[in-house]
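Presented below is the structure to which this report refers.
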Amino acid sequence: DQNISMETISCTDCDSHQKFENEIVASLKAHPKHLLSKYFYDQKGDVLFQQIMNMPEYYLTDCEMEIFTKKTEEIAHAVKAFDAPFDLVELGAGDATKSSHLLKYLVTKNVDFTYMPIDISGNIISVLKERFSREIPDLDLVGLNGEYFEMLDKANSISSRRKVILFLGGNIGNMEVEEAHQFCHELRKKLNPGDILLIGFDLKKDPDIILSAYNDKAGITASFNLNLLERINNELDANFDIGKFKHYQTYDPLAGACRSYLISLEKQNVMIGNQVIHFSENEAVYMEISQKYAPEETDKMALQNGFKPVKHISDTKGWFIDAIWKV
Ligand code: AVI
């Protein structure tokens, strides 16, 4: 007789086709042209990202996985898990492979908490619930399907317990530094004294190691970028010829900015519905930033946005940190 709650709360307007179309067309009409990497993750994009995480060059997942498997107890203490009860809110939970180690540990220790995974994909939330009802039957779970901040408001409205927020995977790296500050500022406004944030940062390191992780020999990252053009073809009645674009990756070791582009191999016009987008030969479309930080830069980010940096939990190579910030 299991006594588990496993409900899901969904957003009203998170899968808006119109928003997708508006943002894509606007970003391709802008100067310079760009696309938003949040749109990489359709069904094929999800599979390609899984493949990226399994590539030998892509060290980020292994590093953070090592932290979650080998330093579970340290994490639990750092987020004051034994000061229960609390809600463990994961922003962009995905398949929760890393956090599941912490969840299992906390359930084994009989800690009184509710796991609240937030994800834009309703599908992934149902998959999670199905899996955890088998693997961690005593886990109390409330799925939140929607955008981070909207769902964080929901989490606050359904429970006034202390919040521990997980933001893993170096996802903050997919924001420009300015945007990342803005994000932390907004997040802080939704939290209360006593709340804790655990946030993953990929660190500045040997530039060759970083560049290889995003410029893999097998070309999976290239397919991952090009897949967004295919998605636009499929969903917005567009006619990109994928063979007429190539993926180009850079890393700037001073700025810590790893950026991907698609380069138009020739002068061409592309139709998106009834709109024409003109590309000149060698014109670049800016696709994604994967920003790398120095540990002290993450402390500054905390302080500038109303958090107190508490500690860095690192992998043995010292390539990645999960930073603990207190409100
Ligand atoms: C999801 N995010 C942290 C990945 C990264 O490393 O920036 C996305 C990615 N893009 C290319 N490879 C992986």
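Counting starts at 1 for both ligands and their atoms, in listed order. Values reported hereafter were calculated over all heavy atoms of this structure, with side chains retained and with hydrogens, waters and symmetry mates removed. For clarity, every value in this text was computed on a predicted model and none was experimentally measured.
In this structure, R231 satisfies the cation-pi test against F20, with its NZ or CZ atom closer than 6.0 Å to the six-membered ring centre and inside 45 degrees of the ring normal.
E147 pairs with exactly one of K38, K19, K154 by the salt bridge (Lys or Arg N to Asp or Glu O under 4.0 Å) rule, that one being K19. A side chain to side chain donor-acceptor pair (under 3.5 Å) with K163 is found for one member of D195, N192, D87 and no other, namely D87.
No heavy atom of G173 sits closer than 4.0 Å to any atom of ligand 1.
When non-hydrogen atoms are compared, ligand 1 lies under 4.0 Å from neither the backbone nor the side chain of F40. Under 4.0 Å from ligand 1, not a single heavy atom of Y59 appears.
For atom 1 (C) of ligand 1, the nearest non-hydrogen atom from the set L48, N171, I210 belongs to N171.
Taking every non-hydrogen atom of G169 and a distance limit under 4.0 Å, the qualifying atoms of ligand 1 come out as 3 (C). The contact set between ligand 1 and N174, taken as ligand atoms under 4.0 Å from a residue heavy atom, comprises 1 (C), 2 (N), 3 (C), 4 (C), 5 (C), 7 (O).
Here's the thing with K292: none of its N/O atoms is less than 3.5 angstrom from an N/O atom of ligand 1.
Scanning the protein for heavy atoms near atom 7 (O) of ligand 1, the closest one is S290 OG, 2.6 Å.
Taking the six-membered ring for Trp and the full ring otherwise, the centers of F224 and Y214 sit at least 6.0 Å from each other.
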